[in-house]
Amino acid sequence: MHENLVIVESPAKAKTIEKFLGEGFVVTSSMGHIRDLEKKDFGIDLEKNYAPKYIVSADKKKIVSELKKLAKAADTVWLASDEDREGEAIAWHLKEVLKLKDEKTKRIVFHEITKEAITRAVENPRDIDVNLVNAQQARRVLDRIVGFEVSPVLWKKVKPSLSAGRVQSVAVRLIVEREREIRNFKSVSSFRVNGYFLVPDKNGNITELKAELPKRFETLDKAKAFLEKCKTAEFTVADVVKKPGKRTPAMPFTTSTLQQEASRKLGFSVSQTMAVAQRLYESGKITYMRTDSVNLSKLALNTSKQKIEDLHGEKYVKIRKFKTKAKGAQEAHEAIRPTYMENETVDGSAQEQRLYELIWKRTIASQMADAILERTNVTINVSNASESFQATGEVIVFDGFLKVYIESTDDENGGNSNGQTIIPPLHVNDKLEMSSVISTERFSQRPARFTEASLVKRLEELGIGRPSTYAPTITTVQNRNYVVKEERPGVERKYSVLSLQNGDIKEEVKTEITGAEKNKLFPTDIGIVVNDFLLANFDQIMDYNFTANVEKEFDDIAEGNKVWNEMIDKFYQPFHGKVEHALENAERSKGERILGIDPKTGKEVSVKIGRFGPLAQIGEASNEEGAEKPQFSSLRAGQHIETITLEEALELFRLPRDLGEYEGKKVTVAIGRFGPYVRHDNKFVSLGKEDDPYSVGSERAIELIEAKREKDRLAVVKVFEEDAELRILNGRWGAYIKHGKKNYKLPKEVKEKAKDLTFEDCMKIIEAAPEPKARRGKKK
DNA sequence: CAGTGAGCGAGCTTCCGCTTGACTT
């Protein structure tokens, strides 16, 4: 018996709110949406003005029936889902599915979970905003139309099981285009010049002052000419300018900024960050982690102020209100912050502690004073040259928020140095003693590849995707194999260094590694082919502004200035025409590239996507009787359709190499998934590190075959007369059973005594073995 | 694990946004 039932979206929230509301209120959760468009069909009735066909999803049946029971027993049902488009729709679906009567239903909203905010919400109920619900329906229907009409085009024209969508396809486009920018980037080198001068500091000790020439020389000769001048030059301080500066703390965390900082500072993947944050949220340590709001509750501001005063004193406090810049932010929640600002640390796993600490510091810092700096610029003239050196120093006069938190950047040169550079006391007209002048060749930087987190950042800037979908989107494009997160080695690059010291100019050539990547996103061949196909046929949905444009229309619907199915119709008519057009006219897209002519056969060499991935091919398939079939070879790891050269492709066809016969059976060498191997009598032997598959001889091959045989012989622990397929072998982790092609683990107790196992024992173990794990993604 | 690349056809794949578990290793 309860008078009031409150339904929120998340169970953790329900628990907290129940405490605030007290007697007479039961608080429960819907676990997000309870209904969605029918999935096995299109789910939209095109004949009936795009009427959505909603069904309660299988995993929500139980929740819905429980909610029905609770709603029946209550006098008033309070629909307290989030205050945004999706939340409004959840409230509406609940009202429909639970068949709630108007007079017993109230809609309330709050964006902070504090007693005050909730009491105020209960005192100010309203009705469901039908316009906002319709805006959500338009969003939902549009996404279904795009996804379920374009994906099947890909199945027909590119490869089965592929997918396209308003969000994921644009995410892939960003990666593909960045990769092409990088590929087309021409690095230009120039010569940077640093001068080092000996100067007494304020205690009279000699220190080295580093200064840089703002101008860079285009060539080695020009740099050398400048150094020549420096040999005899006099160096004079021409100007000393001191300027005050300040730094301001970053805004509190949203989902996207949390993902970026956790990636840079803790090395977390985007989904890892969300999983850890979820645990902190569920245990009541932080506020909700899927948010685009930078707002902090009054309570949070007050407790932060108290904490800063306790730790660092009053002058470190500066209460600030932040405004969201992100496009299309819906601000249904607070920023991500600790629930209790007084807790600097929490219990939990190491990851939870580190993420919590990051959140705590960022939140506290956002309410702290600016850092006050003093920047010093010194200009040093060169008597016989028009160029002058600049030395810059930065001293922190008051640290302010820097005491607790420094935001990191994506800058690859690892900027973000907070080290102070102190300039010794200098005066205009001071003569400086030069200790050295060094000119280093530097190269212009290509654009940076995306990390998971920097891709999220870009998507957010474009207003594409929502806090709840950033991590799943990043996972989807990788699961579809459009994008891979990889490590790739860099290449060596030579650069020149000129140094003037003790009146001598030395010239050196040094090498550095450049372009090495770790945990960066690369497009795959299939990702590139799909992207180009979609751009050619569906430019509208691939437009970076498509989401922003439709969002404007959704806003119009939400304000009651547009009718949702009319908006959808305007989109659908031309869009569906493009789908039909593509189905009829677009050629099958295999990303084929012709590399040139094979000098041996005179036939064309090409690369394309085949049934099993990218391949190289010599000659063309022909329907003519008795025509020669083309030769095929899979591309190797690290080779790509867009970048492979004719020479590299031809190299692939040098394998498998025939090495003649051994014991009446053919010996061949090839490269497989696990590297180069020798094949003989259907057995495979890996080549050693020192062996080259292109030149290895038959003698060495036979040696390897024999060595493998010997090893296999030693590995056999026991064979059985009853079944030739059954053997006990010794593997990397000790004895195990091999039956046909399957392997079975031995229980620990018998591992040592595997020799004593009988045929019956083995069969028992095989029968008792658990079924191999089901493949992911298939349900029941 | 170590290949495959014909062609046909049945039956399947697919979106974005709200939410948590229920599963292994």
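Chain naming here is simple, since letters A, B, ... match the order of the sequence lines and numbering starts at 1 in each. Everything numeric here is computed off the predicted structure, so don't read it as measured data.
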Whole angstroms only, please: what is the [atom1]-[atom2] distance between [X] and [N]?
X	N	atom1	atom2	answer
I609(A)	dG5(B)	CD1	P	17 Å
D59(A)	dG21(B)	CG	P	12 Å
K40(A)	dC12(B)	NZ	P	12 Å
R290(A)	dC16(B)	CZ	P	17 Å
L154(A)	dC15(B)	CG	P	11 Å

Among dG3(B), dT14(B), dG17(B), which nucleotide sits nearest the side chain of S151(A)?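 The nucleotide sitting nearest to the side chain is dT14(B).
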From the set dG3(B), dT20(B), dC16(B), return the single nucleotide nearest to any side-chain atom of V167(A).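 That would be dC16(B).
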Check this for me: does the side-chain of [X] come within 3.5 Å of the base of [N] through a donor and an acceptor?
X	N	value
S634(A)	dG3(B)	no
R140(A)	dC15(B)	yes
R466(A)	dC18(B)	no

With sugar-phosphate meaning primed atoms plus P, OP1 and OP2, does [X] contact a base, only sugar-phosphate, or nothing at under 4.0 Å between heavy atoms?
X	answer
F42(A)	nothing
A89(A)	nothing
G43(A)	nothing
P630(A)	nothing
G465(A)	sugar-phosphate
Y470(A)	nothing
V146(A)	nothing
Q136(A)	nothing
G32(A)	base
R35(A)	nothing
S10(A)	sugar-phosphate
L162(A)	sugar-phosphate
E149(A)	nothing

Which of parallel (below 30°), tilted (30 to 60°) and perpendicular (above 60°) describes [X] and [Y]?
X	Y	value
H93(A)	Y54(A)	perpendicular
F575(A)	F571(A)	parallel
H680(A)	Y662(A)	tilted

Closest heavy-atom pair and its distance - K578(A), N537(A):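 Shortest heavy-atom separation between K578(A) and N537(A) comes out as CD-O, 3.8 Å.
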Nearest-nucleotide comparison on DNA chain B, the residue closer to the 5′ end among I34(A) and G610(A):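 Whichever sits nearer the 5' end wins; that is G610(A).
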Using the rule for Phe, Tyr, His and the six-membered ring of Trp, do W155(A) and dT13(B) stack at under 5.5 Å and under 30°?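 Yes, the aromatic ring of W155(A) stacks with the base.
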When you check the side-chain N and O atoms of R166(A) and T547(A), is any donor under 3.5 Å from an acceptor?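 There is such a pair between these side chains.
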Within the 4.5 Å heavy-atom criterion, are L534(A) and L154(A) side-chain neighbours or not?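 SC-SC contact between L534(A) and L154(A) confirmed.
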